[in-house]
Amino acid sequence: MSFALEHEREAREFLAELRREISTHAGVGHSILGRMKTDPRSRFDFMVLAGQHFPLVGNFTRYMELLLLRAPSSEAKCWLAKVLVDEYGERSEGQDHAEHYQKFMHAAGHTPGQEDNVPLHPEVVNFIREHYRICIEEPFLVGLGALGPGHEWSIPAMFELAVAGLRKAGFAEKEIEYWTMHMDQDQDHGAWLEEALVGYCATPEQRSQIRRGALLSLDARERFWWGVTDKIVSEATRKNLPPGHSAASSEGQITLRQLRAKWRIEPKLIEDTTQESTS
Amino acid sequence: MSADHLLVVAFGGPTPGCCKRHDPCPGEAHCFVSGIFGDNPARAARVAEVVEHYKALGGFSRFNEITEAQAHAVQAELARRGIKLGVTVGYDHWQPHIADKVVAMAEGGTREFVTLVMTPHQSSVSWDAYLRRVSEGLDKLPESGRPRWAGVCEPFWNKPGFIDALADRIASAAGKLGANLKSPETGLLLSAHAVPLPIVRTSQYTQQIAETAKLVAARLEAANWAVGYQSAPSDSKIEWTTPFIEHAMDRLKEAGAKQIVAAPIGFLCDNVEVLYDLGVEGREHAEKLGVEFAAAESVNTHPAFISMLADQVQAALAR
């Protein structure tokens, strides 16, 4: 067997094992998703879920853009760019994914224009913060692992469960297009990604970075789903009983609008002052 | 006081009788556990692991039987005080489900009810989750046929009757070992269910457990005690409340324990977490440490506990 073929075999074995690890991660198999079929959720539950999930949808594109700037090769840039084009709305009637998601939010009961005024569970904020950190501070392959396998290989499985719950809650197909469209698009993204990743799995260090990124993202995802669970059950208590009856407090939780005002996200210019000038 | 009914809500445990979720029936314990984690291939290994705990103890749980005994004991205590209330018990994770019992209660003529939440420490995944089921039941009814939800009993993590009952159970278990809790040679492990940190962040769960533990240890004048959390899912990759019971037991031994008395202060009845995760796995760890071990009974229907619950219901009726 040639060196190149041997390398490709090793890479594909690693990626197959990573796919298996992702498919059994507790973030992908969180009980809030696993119970969608057996423990029907109401429209109110999905309204709460949507308010917490929207900030993730709205920030994903920015993570990708930041990672694109750091991609070391045209091949990597191509994969990121292809996914970004979808995110910008290329295959969804010109509407970007955040706009699509807003349609779902309105169907779930959110008032148009108020989508970013929802108090966010701390784990929602932590999820977004962690992904910016990964895409800005970690090595490129850790970022690729987080946004690639960590997202594209987990979302179809998670969304399949969510869609079952959405249908049981009575949402029409038109109202949940964001979810169904994503299941299809992410199957494509995942397949493109696998091909792109083969070239980046040559060394144990590269494989370790990709795996680390995927697991960092999924760990944040597991925490996120617990945050959503916390919100759903406690908001139901707050809706139905006088103040003070819920075990959970939402005191001090900030909204997406406040988060945008508070955070400045930018790629940094880092000047190496040890380099001599040529004057 | 106008409420005519007490609705007792709790987690639930598997009892004999197919829930009809799967055909063929994989067994009550499987349906119960997969109902908690979800029918999801991603968690199949964890579901199988927990089902084995149930099988090791006969395949079922006494959770519902004990909870119903507690509810009827509270009803009897209230009757003794001259308060006549109907009582209904419903569960979050097993039949009879809370929402179904709310509907049955309404159909049985209940006009107004108060709710007693059977968990000593508050987190959204227990306290709020059970209350959400009550709302689900009310939502199933036409507005004209809905009984009035008059209130929810206050939580009771620091109430003297609860602390007295726990202390009494612990003293009995220590007595079996001939252990003196006032000596550092007896370690007192006070256990509660582990909860993921994202849930803890918004609640007083760990603070309430710490307070229960402190009150129990003070009542017993225990010299060497520690809180330990148990039953966290082995496949979770995130932080849960710590220390886990094994680490807490290690610390007790380091502080001089030659015997350990374990008490489930976060549980109200001898369910499988108490009997297996604490009773069996705790004992195994004690054997590894080379210390004697005794597990205290849960509060179950301890008279002091029942009397305290009746106080809570009475207070809710008076509000």
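For clarity, every value in this text was computed on a predicted model and none was experimentally measured. Atom set for the values below is all heavy atoms of this structure, side chains included, hydrogens, waters and symmetry mates excluded. Here is how names work: the chains are called A, B, and so on, in the same order as the sequence lines, proteins then strands, and each is numbered from 1.
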Contacting moiety of [X], where chain B heavy atoms sit under 4.5 Å:
X	result
A/S246	both
A/E251	neither
A/D39	side chain

Rounded at 0.5 Å granularity, tell me how far [atom1] in [X] sits from [atom2] in [Y].
X	Y	atom1	atom2	result
A/R223	B/S236	CZ	OG	9.0 Å
B/D128	A/E235	CG	CD	9.5 Å
B/T115	A/L241	OG1	CG	8.0 Å
A/I32	B/N40	CD1	CG	13.0 Å
B/R46	A/T24	CZ	OG1	14.0 Å
A/H30	B/I238	NE2	CD1	7.0 Å

[X] atom [atom1], over 12 foreign heavy atoms within 6.0 Å:
X	atom1	value
B/Q207	CD	yes
A/R211	CZ	no
B/R111	CZ	no

B/H93, part contacting chain A, at a heavy-atom distance under 4.5 Å: side chain

Do the non-hydrogen side-chain atoms of [X] and [Y] ever get within less than 4.5 Å of each other?
X	Y	answer
A/L215	B/K237	no
A/W226	B/V125	yes
A/I232	B/R132	yes

Can you name the nearest heavy-atom pair linking [X] to [Y], along with the distance?
X	Y	result
B/A42	A/H25	CB-O, 4.4 Å
B/P198	A/E123	CB-CG, 3.4 Å
B/Q122	A/A247	CB-CB, 3.6 Å

Heavy-atom pairs under 4.5 Å with chain B, option from A/A26, A/P122, A/G252 with the top count: A/A26

Candidate pair B/D39 and A/K37, rule side-chain contact (heavy atoms from CB on, under 4.5 Å), full reasoning: CA-CA 8 Å; B/D39 279 329; A/K37 285 182 190 165; over 6 Å; no

Polar side-chain atom of B/W127 near backbone of A/S234 as donor-acceptor pair, under 3.5 Å: no

Any donor-acceptor N/O pair, A/H121 side chain to B/T202 backbone, under 3.5 Å: no

Residues A/D230, B/R201: salt bridge by 4.0 Å N-O rule: no

Taking [options] one by one, which has the highest count of heavy-atom pairs under 4.5 Å against chain A?
options	answer
B/V117, B/L131, B/I36	B/I36
B/A45, B/S124, B/S135, B/A44	B/S124
B/S203, B/P41, B/P196	B/P196

